[in-house]
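Read through the structure below, which is laid out as structure tokens, and then see the notes.
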Amino acid sequence: MALLGIIRSWYIRDRISIREISRRLDISRNTVRRYIRSGAIEPSCPSRRSSSALDEFAPRLSAWLSAEAVKLRKQRRTLKQMFLDLRELGYEGSYDRVAAFGMQWKVGQMERVNSASKSADGVAEGN
């Protein structure tokens with residue numbers, strides 16, 4: 001981000017050689033050359049996506065969370081109880097992954113509700 005801006009400004013505006021830029025920034029000349037030639041604004045790395053033991057059980061857990069969300073608070077199952085049910089179905093991962101999935105699911109639900117309420121407010125204000 002800032003590094004790419006520095007490299008370009010030194011090379012284009014200040015007319016500093018690629019070798020000198022690589023020496024000053026302590027990075028490879030090939031890297032400096034690649035940054036100068038590329039049209040990219042910032043260097044990007046491919047996002048890492050590794051498989052999880054929970055991937056196979058994610059649709060079922062999502063369905064359970066949806067079903068539990070409409071129940072009264074005292075009648076809901078906890079994530080720990082859902083984790084134990086997943087263990088009976090063959091899940092071999094940790095509870096932490098289930099808890100993280102539950103939190104991510106909850107955040108997604110809240111975002112959907114907020115975006116739906118914002119769009120409904122915009123429609124109501126437009127009338």
message: Whether the side chain of Thr31 engages the backbone of Ile27 through a donor-acceptor N/O pair (distance < 3.5 Å, no angle test) should be reported.
response: no
field: For Phe101, all residues meeting ring pair (Phe, Tyr, Trp, His ring centres under 6.0 Å), sequence neighbours excluded
entry: none
task: Side-chain contact test, heavy atoms from C-beta onward, threshold under 4.5 Å: evaluate it for Tyr35 versus Leu3 and give yes or no.
output: yes
query: For the atom pair CG (Asp14) and CZ (Arg8), what is the distance rounded to the nearest 0.5 Å?
result: 15.0 Å
field: From CA spacing to verdict: side-chain contact (heavy atoms from CB on, under 4.5 Å), Leu25, Trp10
entry: CA-CA 11 Å; Leu25 296 176; Trp10 282 352; 3.8 Å; yes
query: How many angstroms lie between atom CZ of Arg34 and atom CZ of Arg29, to the nearest 0.5 angstrom?
result: 14.0 Å
message: I'd like to know if Arg77 pairs up with Glu68 as an ion pair, taking the criterion as any Lys NZ or Arg NE/NH1/NH2 lying under 4.0 Å from an Asp or Glu carboxylate oxygen.
response: yes
- request: Group every Ile, Leu, Val, Met, Phe, Trp and Tyr by side-chain heavy-atom contacts under 4.5 Å, then state whether Val32 and Ile12 land in the same group.
  value: yes
- prompt: How far does CZ of Arg23 sit from OG of Ser17, to the nearest 0.5 angstrom?
  reply: 7.0 Å
message: Would the distance check show the side chain of Arg76 and the main-chain N or O of Lys71 forming a donor-acceptor pair, the cut-off being under 3.5 Å?
response: yes
query: In Å, rounded to the nearest 0.5 Å, how long is the span from CD1 of Ile18 to CD1 of Ile36?
result: 4.5 Å
In one Ile/Leu/Val/Met/Phe/Trp/Tyr side-chain cluster, 4.5 Å: Leu89, Tyr95: yes
- prompt: Between CD of Glu88 and CZ of Phe83, what distance do you get to the nearest 0.5 Å?
  reply: 11.0 Å
message: Do Tyr91 and Met103 land in one hydrophobic cluster if side-chain heavy atoms of ILVMFWY residues count as linked below 4.5 Å?
response: no
query: Between the side chain of Arg87 and the main-chain N/O of Gly93, is any donor-acceptor distance below 3.5 Å?
result: yes
Interatomic distance, Asp55 atom CG to Leu61 atom CG [nearest 0.5 angstrom]: 11.5 Å
Phe57 side chain near Val98 side chain, heavy-atom distance below 4.5 Å: no
Residues Ile16, Arg24; criterion side-chain contact (heavy atoms from CB on, under 4.5 Å); working and verdict: CA-CA 10 Å; Ile16 298 174; Arg24 287 183 184 182; 3.0 Å; yes
query: Under a single-linkage definition using a 4.5 Å side-chain heavy-atom cutoff for Ile, Leu, Val, Met, Phe, Trp and Tyr, are Trp64 and Met110 assigned to the same hydrophobic cluster?
result: no
- prompt: With side chains defined as the heavy atoms from C-beta onward, is the minimum distance between Met82 and Leu65 less than 4.5 Å?
  reply: yes
field: Sub-4.5 Å side-chain heavy-atom contact between Leu54 and Leu86
entry: yes
